[in-house]
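Worksheet for the structure shown next.
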Amino acid sequence: MNLADAFDEPAFVPYLCVGDPSVERTREYVQALVRGGADVLELGLPFSEPIAEGPTIQGSVVRALEAGTTPEQYFEFVDSLDVDVPVVCMTYYNLLYQYGDSEAQRASDASGEAASDGPESFVERAAEVGISGFVIPDLPAEEAGPLRAACDDHGLDLVFIVAPTTEGDRLERMVELSSGYLYVQARLGVTGAKADVSDQTEASLAKVSQYDIPKAVGFGVSSGDQARHIVEAGADGVIVGSALVDVVAEHGDPDGDDVPERLEAKARELSEGVAAGAENMAKPEGQ
Amino acid sequence: MNLADAFDEPAFVPYLCVGDPSVERTREYVQALVRGGADVLELGLPFSEPIAEGPTIQGSVVRALEAGTTPEQYFEFVDSLDVDVPVVCMTYYNLLYQYGDSEAQRASDASGEAASDGPESFVERAAEVGISGFVIPDLPAEEAGPLRAACDDHGLDLVFIVAPTTEGDRLERMVELSSGYLYVQARLGVTGAKADVSDQTEASLAKVSQYDIPKAVGFGVSSGDQARHIVEAGADGVIVGSALVDVVAEHGDPDGDDVPERLEAKARELSEGVAAGAENMAKPEGQ
Amino acid sequence: MSHETQRGADETEDRDGTFGRYGGQYVPEALMPAVQELEDAYERYVLNNVDGFVDEFRRRLRDFGGRPTPLQRADRLSDRLDREVYLKREDLLHGGAHKLNNALGQVLLAKYMGKERIVAETGAGQHGTATAMAAAHLDMPCEVYMGTRDIQRQRPNVFRMRLNGSEVNPVSAGRGTLKEAINETMRDWATNVEDTHYVIGSVVGPHPFPEMVRTFQSVISEEARAQVQEQAGQLPDSVVACAGGGSNTMGTFHEFVGDESVDLFAVEAGGSSLAVDEETGVAPNSASLSTGTEGVLHGARTKLLQDSDGNVVESHSVSSGLDYAGVGPELAHLVDTERVTPVNVDDDEALEAFHLLSQEEGIIPALESAHAVAFARANPEQLGGLTVINVSGRGDKDLESVIEETENRELENAPGMDIFERAAGGSGGGL
Amino acid sequence: MSHETQRGADETEDRDGTFGRYGGQYVPEALMPAVQELEDAYERYVLNNVDGFVDEFRRRLRDFGGRPTPLQRADRLSDRLDREVYLKREDLLHGGAHKLNNALGQVLLAKYMGKERIVAETGAGQHGTATAMAAAHLDMPCEVYMGTRDIQRQRPNVFRMRLNGSEVNPVSAGRGTLKEAINETMRDWATNVEDTHYVIGSVVGPHPFPEMVRTFQSVISEEARAQVQEQAGQLPDSVVACAGGGSNTMGTFHEFVGDESVDLFAVEAGGSSLAVDEETGVAPNSASLSTGTEGVLHGARTKLLQDSDGNVVESHSVSSGLDYAGVGPELAHLVDTERVTPVNVDDDEALEAFHLLSQEEGIIPALESAHAVAFARANPEQLGGLTVINVSGRGDKDLESVIEETENRELENAPGMDIFERAAGGSGGGL
Ligand SMILES: Cc1ncc(COP(=O)(O)O)c(C=O)c1O
Ligand SMILES: Cc1ncc(COP(=O)(O)O)c(C=O)c1O
């Protein structure tokens, strides 16, 4: 499914890290999110150095790694996922970079030269399992050439994050390189649920409003109310991670806990917030 | 009593530190030593920095200071001592130097200038209580001018220690300055009982044999046998400290222990050793 | 954007802050403007001495830092190895390690840039203390991130940072060591990027850090190269430095890179074994140059210790300053091009060299630096007739751990430490 | 025998190794030949540079010791005190204090004299570690006497001596501190005088020690006098140094003694009070210049803390390196002649100055040196327009005790140390 199309109406984009606490439970959670109104899924592939994440998502990543989640398991999981919304893979560049090096190959070339052939194999495999695009927080436009090319080859989108600090030429270049949507970072810092919507949000949206690409706002969104405000401010989508991971973090007995129910409820709150915002936008004040 | 006269026959010179464990007990001990055959008494006045003493005598000095022994108590003790042998005061120079400064005087002159008038008052007081002479281990000939003069003024002897390292001009000068007897140090180092008599002893005695002053050997003598050997080697006296202090160190209940008896027995062993050596010296091998 | 280094052309550096296949700027978008601002400031102040930055830096290095540090002929080591051995004495720099060269440079640069706050990561605490000292000296508020485990292991350095007025922020993620502290500092920087400068502790991180840190540290080889020629009348046949991130390494090598006759040895921590335990995701070593593979870590493409998926593994070394899974990109490149020879020594050899230098030269080296000495000691024939070894720091910070590690092993030459029991027994006193 | 000092006439010294009414050679007869042999060797090698002793000494001070040490303008302290404040950075000398100047000189001299063994006393452990380093460097067996109590209080320095290959002999007599360690070292020397040299740790003891140690330490003022003229274009109006035995003091003052316009302040440890408790025989201070009286201690006539009988009392200071009941005879004489002004600061002021220098200048000073800073801080009007303060050592050795002492007081500016609990609590992590 074309990623950009998912934003025809303002979209709710939940994030979860795959493998926390297990791949099987992630499946239940994802289904709950879809039931709750998810329009796009950002699914994290856990990496050992999640430098763009705050404590909540870090914790989730650590649990997923401790559960032994590997890129291959991730791909199989997405492959077997029976949902009707596009999936975006969120991870860090080293995992793309390493993918496809067999251990044998690595051992035969301990010097590290030519051990890696870049992100090509990873993208190929992602395409195979039906992934629509990528968000790679440690890959700025400057270093994205090889991945952009591989994505183009395989018809995948590459989503860039526009930070409050992004301006001028860099902004131009990033918008140019971005496909699917623009990830508009609502505040400086790292991921994490906050009680208010940053003042930055409107300014950030304003500076990209002229570009013809869907804009999804993330970093710190935690309530339906916030989601509504963001959409009212002109966003085409709202990305929510930590507020959902907070629910996952409370998981208990795999057969008995109510995490899926609570995830679904939270997702519904958020997606309804998005929808309410969209409705208001149809009114006069709308841009 | 003239100190030199005490060495007409080879003399046994025991040392004890006054005030260990109390001035009163020292009195009993001293009487026991005299019963055991002491010809001269070296009585230590305890000083906080006994740098020439080994662990045994250090221990005794510390106990005496802890018991609160002061120079004035020492003088009163010697004054009241009812024995028939000359007493030599063994202590360190700072106590001589400070004596007679009243606290009031000191306080009125906190800068320290002219606070001390040298050893004069100390020597005067020593003469008053009947002390015959001094051994001051940290006062070499080079620094002894003022004390020598004060001793001359009051008719007291000043005994210098000739070390194994003392030679040539310094030896000459020390013999010249010395009166009463020469303290011949048997070995390098500090006081302390040893199981053998140092090879040094004979050499040390040989190097002073030409001088017309009694020679008493000390540092390390602990048995009657050693005492005999030393006298046979030409000594006019044998000084014994640590071996006696070892006995004192075992004191117990002040009314019930047998320290005086054991001191007397040890003194008898030593004085008999001295006497036996003297007898052998009367024979042909004698010098 | 291609930079000329301060002292002439640099053969190892390509365009855009890369060194051959290594380097780059793999950082979150929020940091890119800061990274670029830093590139500009680096060019302006450090490379072009605008506003007299370089003059002030050098003056402060001298007056505050104690530069130049001596180059000392090691008499007994020279006898033992039967060749001329010279020691570059970075242990005498203020703070006790080469780290101040960089920390002072960066804090001063932050001041020139108008930044109002410093953050830094630290592992063993050496970079943290150097940064705290520089920040106190230059009146800049400073916060240092440090793993909770390292905080407990490196108490004296924590005290020193606090005494210098820095905040120390505990990081409990992961094993609570350096790698996590770097992650956390990046997060702080990403949050406060507008008024904050991140003083990174080695020649790692996104461009321009690797080049900039190397430039600040190159004062080591600048001095050493002149000193050895003055004292010995010749260039050395070899130069030896330990390599964790590689800042003392690049600092010691840089001015010799163009001297083809000089062999350069980067000594990594072999730890207890060179293998990686895939099961536990732990490498019992920190030998990323010798055994690592290419990847992206902390903002740069470089050689690193990782599992087959690309997750970074925990490294290990008896020396916490070498205990890092990555290495500077320039050093990785110099190894690929065979200009630098990567070697390693294990924990035991490093401890033995620590004792050797302490006993025979009267210099208690940092355990990091002891690795360099250990390599020289074990491989004298590779050194040529004259070698310069960098003593990157002093060992005061390592006393407790050396005693502990020594007790657990059979080491040549290690002195006994029963003195404390003897002193407590209260025998002593008297001869 | 009267000596000329190396650098011209010396106005404070009279014949026979006395300074006015102070000095002399009050030692057991067994030591007199050794003391005289040392006088001869001092004249021969140190004063007359026979066999190139002085050249070798200076070369080793440079290459091994790290001389010259910087003279640094203290920017923030200058602002605070509203005058020019310069710091002489002896904290950067190898080993972390000025002590090496003397230890290296004496161990080298012992070598020139053909001695085969070194003994030394130590209190805080700074002189012991300096001697152990010098002995390792020059391949001389070394034994250091140290009180049992100091051994327990100064663990890191004990480790360092052991690591340098020295024996550490516990002394349990008395309170188990410096005074007893000196006594015991004298005893060892008296026993082994023929092949052994006693490396005394300050400008105390029998002649020629006070003069010789001062000569070795005078490199401090030699450098500082030239540096201040070069950097500030003038002589200072005052020079400030702490005084325990007085070696850093005399070293810092010596070359300025002839400069009549320069005020010299010797800062003693006021401890908790300037009184002496006659009852317990303890002085809760170490201010022998300010409150001591003339007497004989450790081989010299000087000012010392004693009771009315002449027994030496135990001194006290928060800074163990100042915790000594005597003081060098030359310094006592310079005080009597009013060339040097004796002053003192108490424990609290010293601790506050410790924190001030750590936080505002990025230099963690030894607690001893903090006394000098504390005096300057409290009495800026006495300093004139430009002052030089000697930072005699670094504070790494004092970290634990400063933390402890700080916790027991209300001090201006002291940083909190709850970091360890926070780190143990394991919260941290994340922003
Ligand atoms: C003394 C010392 N040497 C070496 C290192 C290793 O760092 P680098 O490889 O960056 O020089 C450290 C790091 O803490 C250190 O403290
Ligand atoms: C750093 C430092 N300063 C000063 C002193 C005091 O000694 P002195 O008065 O001899 O310089 C010591 C003694 O240990 C010391 O370690």
Scored by heavy-atom pairs under 4.5 Å with chain B, the best of D:N311, D:I182, D:V313 is D:N311
Bottom line for B:I136: the part with an atom under 4.5 Å from chain D's heavy atoms is neither
Okay, B:P164 and chain D: the region with an atom under 4.5 Å from a heavy atom over there is neither
Honestly, the part of D:L297 sitting under 4.5 Å from a heavy atom of chain B is side chain
Answer key: most heavy-atom pairs under 4.5 Å with chain B among D:M32, D:H298, D:E194 is D:M32
- Inspect the surroundings of CD in B:E202 and state if more than 12 heavy atoms from other residues, nucleotides or ligands are less than 6.0 Å away. no
Okay, B:P50 and chain D: the region with an atom under 4.5 Å from a heavy atom over there is both
Residues 55-75 of chain B vs ring-ring contact (aromatic ring centres under 6.0 Å, His included), sequence neighbours excluded, gives B:F75-B:Y99, B:F75-B:F122
Greatest number of non-hydrogen atom pairs under 4.5 angstrom with chain D, of B:A163, B:S48, B:A141, B:G68, falls to B:S48
Of all heavy-atom pairs linking D:V27 and D:P206, the shortest is CG1-CG, 3.5 Å
Honestly, the part of B:E142 sitting under 4.5 Å from a heavy atom of chain D is side chain
The complete set of ring-ring contact (aromatic ring centres under 6.0 Å, His included) pairs with one or both residues in residues 186-207 of chain B, sequence neighbours excluded, reads none
With the threshold set at 4.0 Å, does a side-chain nitrogen-carboxylate oxygen contact exist between D:D336 and D:R21?
no
Ranking B:R170, B:Q185, B:E66 by heavy-atom pairs under 4.5 Å to chain D gives rank one to B:R170
| Is it true that B:F160 and B:Y183 have ring centroids separated by less than 6.0 Å? | no
